[in-house]
Amino acid sequence: MASVFERPSLVFGVAIALRAFLLVYGAWQDAHSAVKYTDIDYMVFTDAARYVSKGASPYARDTYRYTPLLAWMLLPTSWDGFFSFGKVLFALSDVVAGWLIAKALMSFYGMSPPRALKYASVWLLNPMVANISTRGSSEGLLCVLVIALLWAVLNRRITLAGVLLGLSVHFKIYPFIYGPSIIWWLDEEREGLKPPSQKKSPEQEDRSLFTHIFNFVTPSRLLLTTTALATFSGLNISMYILYDFPFAQHTYLHHLTRIDHRHNFSPYSSLLYLSAAGDVQGSFESLAFIPQLLLSVIVIPIVLAKRSLPGAMLAQTFAFVTFNKVCTSQYFLWYLIFLPFYLPFSSLMKNPRLGITATALWVIAQALWLQQGYYLEFLGLSSFVPGLFLASLCFFAVNIWILGIIIDDIALMGS
Amino acid sequence: MRRRITFVQRPETPFSLDQAVVSPDALAVHGIDGAREERATFSVDELPEELSEVLKQCHQLHVRWASERRYDAVAPFSSRVSPGLHVFYTPTDGWSEDNKLKSLCVLLKRTFDYGLKCKSPEESFITPPILSTRFASTAAFQYHSLLPSLDNLVAYIENKICSSSDEQCFRYATSIKTADSIDINYDSMSHSLTVLGYWSQPPENGWTDEIRKHDAGTDQVEVGLLGTETATEPEEIKVGGLLAVVGKDDQLSMLHSGLLSAFGVANGYGTDDSRAEPTLFSFPSRHHSLPDDATYSISFTSPTGLHPTMTISMPPSSLNPPPAPPDATCALHTYLTLPSTIFGDKYQLSTTDPLFLDSHNLVSLRAVAGETDLEAPDWFVSRWGSNWLLELATPAESDQVPAEWNVTIPLHLRYLRPSESGYRPAPVPWPVVFWACTAEGGTKMGVNPFDRVNLGWEGLFGPRTMFYQLHPSSDRLVEELEVPVLQLDENGFFQSKAIELGTMIIIGLGSLWVLWKLGTIAWSSGTQTQRRSTKQKKSE
């Protein structure tokens, strides 16, 4: 098995062949069965692209909740015979993301190429990843942006990193959580050189607070923040000028005002159903963003970013998805992309029993939920409570336990 | 008020002369076996003010109500709508003032049902059609609600329209309770309101009634005793029989009719002056009936889950092309009236993928109007629901016609509010299924004294289209679906408080645990750096 990873061409060849096979198979299934391989979201993207090709707004398509950039990028899908263009693009993004992972592992973790490829294969040869992108889900595109962002930061290409951060937040809000950890991480070199400060008199303390703030604002932090903000607002302003309110409504505001609380993996799902129907006195659900943002935007970056930036990003994403008010299986891809940076140092790998237990619990909790979901969706049984409610809380508990292990491991990585 | 009463007998039904007796101020009918249509026309100033006030804001208002019980739609009353209350409304210019908008809903609630989900036409009505590949329908706003009985309307008429001494008015009001369908038409051109009732079956001993001329003597009361015959032209309907204006004609005019030929002996009945006029009474008709065995039935594949599939089942006799003119092209259609609890995915249904369409025996989605949001729960949907016109496939000529031809339509349920049992009912009215035939030339249908338009579906076709209605084959034309919802048993363990507290505790514990982990890391690293720095100091 080790010999396979000696040859990058073989690994990438297999990764590409896997996706090419799935693309061809998908086209075959679509042409021969009334049950389609292609994801419903892909129909949304391509419909939107068709609207754009006719000079209309992509938001003319219901449930198009993405940046117009995506519809523009998929314009070729509106040409005859190019329907699968987007899937090819998404699948290629996957492979590029895998390549960037391998490159980053080699240059920043000092891994040998075969070892780097072995861990990159967690993404590259992952059938779930290949399946999602060849069915036409755009997550692969976002993942390549996020991994490129990480690569750029680790390479100290700050301007590029800022642009990528701004672009990926424009694409899908959640990558904004990486801003704090990157900014916190960026001053590592300076902070490490400074001698620890002595006990000071109160006036001196005031001054040192000021100097602390002053020292915090480094050129690279400023550069990252400004380029990211400039890219983000530049894109949003241009899109707003082009598509007006529907752009703001469907891309961003929808997430604040969404009313579709269909059952999903989130622990909030039952509560949101109740409160949307007006059956809850309290307004706990409106505070749901507090634990989510406190952990993923403030505490995890501060505690972990300087120990391992990729590790912190993994923990942030994991916390963000676990505490999110809506959670579907495509969100798992958001943290899956960081696994190659974490697994080499993970106690889940060092202690196989722990690793297997964690994986098994993660899968079983999902399976339990899916079973209840099946009862509801297909058999029409009222399985909201206790079935789905308890299953989603179980899944949450398993995720929290795994998040704890990840945090412990990352703490050890840095020390 | 002008009245027109029409009795239509089936060709095989016996009729004898003494069943209709004319006197100077009345016509007495006795034991007539057949369908009955009653039509009353009011001028606006005859109506109570609350009604005429609303009508003044209408450019057009058409109400259609059909019973949930199965009934026969006999020629020339062959058209059908889905069971329930349908309202088609076009406001006059400058309608946008608030009180105007609300008043129609207030009136509908007062007359039909206080429970109607109707706030204002702008909020509760739909604007048809948003995706029509064919023709624009006429009314600007459209509304539907299931309405099992007209008791409320009867009470309204008794209280607001009948004067307390008018026994005949009360009798007619009560008769509405047994009607199979009711039409109400108003348009601002004629300034008159027409109410039509249709009864497909006579009471137990036939229709027995003394139809009197109006006391005021001004407005006419017309009576027709008719029977249908085979027309010579396929687009026409031919009727024959007797017509009379009560109190004006002192005899029944006779129309040439095989059915009523026995009546020929009684020429000049009740008068000295006999004026038999053998007349053919033929007219082109938009709606035609099909043989009794052209039926369909509706069912939902069990278990329905959250994505029920509606099945339209038809025997081979329903698939025979209708007897339309030879140059006409005919296609089988269905028109769905779906309450907001259930909806179709317009993107899924408007596909041109032959695999999908063939697997459901569909040809294409022709028009859709109304609530097609794919995600919103029912309580966020303000409008009543949606309408869908679908063209259906029929077996290819080379195929053997199966014993039962099934068309399936994939649908989806919205989230409904929690309930104590964990389920909520979602009644779905049966759609209408019909053949639509378009001929190149075609005739104008307006000259038909029984023409019926503003049904929702007919406006989606060209004006010269002919329709052949299939007969529903079940006694009740509403399917009840059971929608699983969140169960809130206020006596059980899983009350809303339990869900709220449970979520809160688990999230709180989870957050605290992660924070504690992060805290110990930060603290231990803090002590480490301190230790390191004290070490450094010592070494210095």
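Only a predicted model underlies this, so the values are computations on that prediction, with no experimental measurement involved. Naming convention: chains lettered A, B, ... in sequence-line order (proteins, then strands); numbering from 1 in each chain.
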Check whether any side-chain heavy atom of [X] lies under 4.5 Å from a side-chain heavy atom of [Y], and answer yes or no.
| X | Y | result |
| --- | --- | --- |
| B:E375 | A:D62 | no |
| A:K36 | B:D353 | yes |
| A:V385 | B:L488 | no |
| B:Q348 | A:I40 | no |
| A:L294 | B:S511 | no |
| A:P267 | B:I506 | no |

Non-hydrogen contacts under 4.5 angstrom with chain B: give the residues of residues 313-320 of chain A involved, or none if there are none.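 Hits under 4.5 Å: none found.
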For the candidates B:V483, B:T503, B:L481, which exhibits the highest count of non-hydrogen atom pairs separated by less than 4.5 Å from chain A?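 Result: the option with the highest number of such pairs is B:T503.
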CD on B:Q487 to CZ on A:F389, rounded to 0.5 Å: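 Reported value, rounded in 0.5 Å steps: 14.0 Å.
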Looking at CD1 of B:I499 and OG of A:S269, how far apart are the two atoms once the value is rounded to the nearest 0.5 Å?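 These two atoms lie 10.0 Å from each other.
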Check whether A:S270 gets within reach of chain B through its side chain, its backbone, both or neither, counting any heavy atom under 4.5 Å.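 For A:S270, backbone and side chain are both near chain B.
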So what's closer than 4.5 Å to chain B heavy atoms on A:L304: side chain, backbone, both or neither?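 For A:L304, the side chain is the part near chain B, not the backbone.
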Would B:R417 and A:Y273 count as a cation-pi pair here, with the cationic atom under 6.0 angstrom from the ring centre and within 45° of the axis?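 That pair does not qualify as a cation-pi contact.
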In sequence, state the C-alpha distance, the side-chain angles, and the governing distance for B:E500 and A:L271, and then conclude on side chain to side chain contact (heavy atoms under 4.5 Å, CB included). CA-CA 6 Å; B:E500 196 177 3; A:L271 182 61; 3.8 Å; yes
Anything under 3.5 Å between a donor and an acceptor, one on a side chain of residues 301-311 of chain B, the other on a protein residue two or more places apart or in another chain? List them.
unit_1, atom_1, unit_2, atom_2, d
B:H307, ND1, B:H412, ND1, 2.9
B:H307, NE2, A:E377, OE2, 2.6

How would you list, in number order, the residues of residues 355-364 of chain B that have a heavy atom less than 4.5 Å from chain A?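 Contacts with chain A: B:L355, B:F356, B:S359.
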Could you check which of A:S383, A:A31, A:A397 has the highest count of heavy-atom pairs closer than 4.5 Å to chain B?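 Of A:S383, A:A31, A:A397, A:A31 has the most heavy-atom pairs under 4.5 Å with chain B.
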State whether the side chain of B:W513 and the backbone N or O of A:W401 hold a donor-acceptor pair below 3.5 Å, judged by distance alone.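 Between the backbone of A:W401 and the side chain of B:W513 there is no qualifying donor-acceptor contact (under 3.5 Å).
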Side chain to side chain donor-acceptor pair (under 3.5 Å) partners of B:R424, counting only residues at least two apart: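 Checked B:R424 against side chain to side chain donor-acceptor pair (under 3.5 Å); zero matches.
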With only heavy atoms counted, which part of B:L509 is less than 4.5 Å from chain A, the side chain, the backbone, both or neither?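 Neither part; nothing is under 4.5 Å.
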A:D408 vs B:I521, test: side chain to side chain contact (heavy atoms under 4.5 Å, CB included). Steps then yes/no. CA-CA 8 Å; A:D408 281 344; B:I521 291 163; 4.1 Å; yes
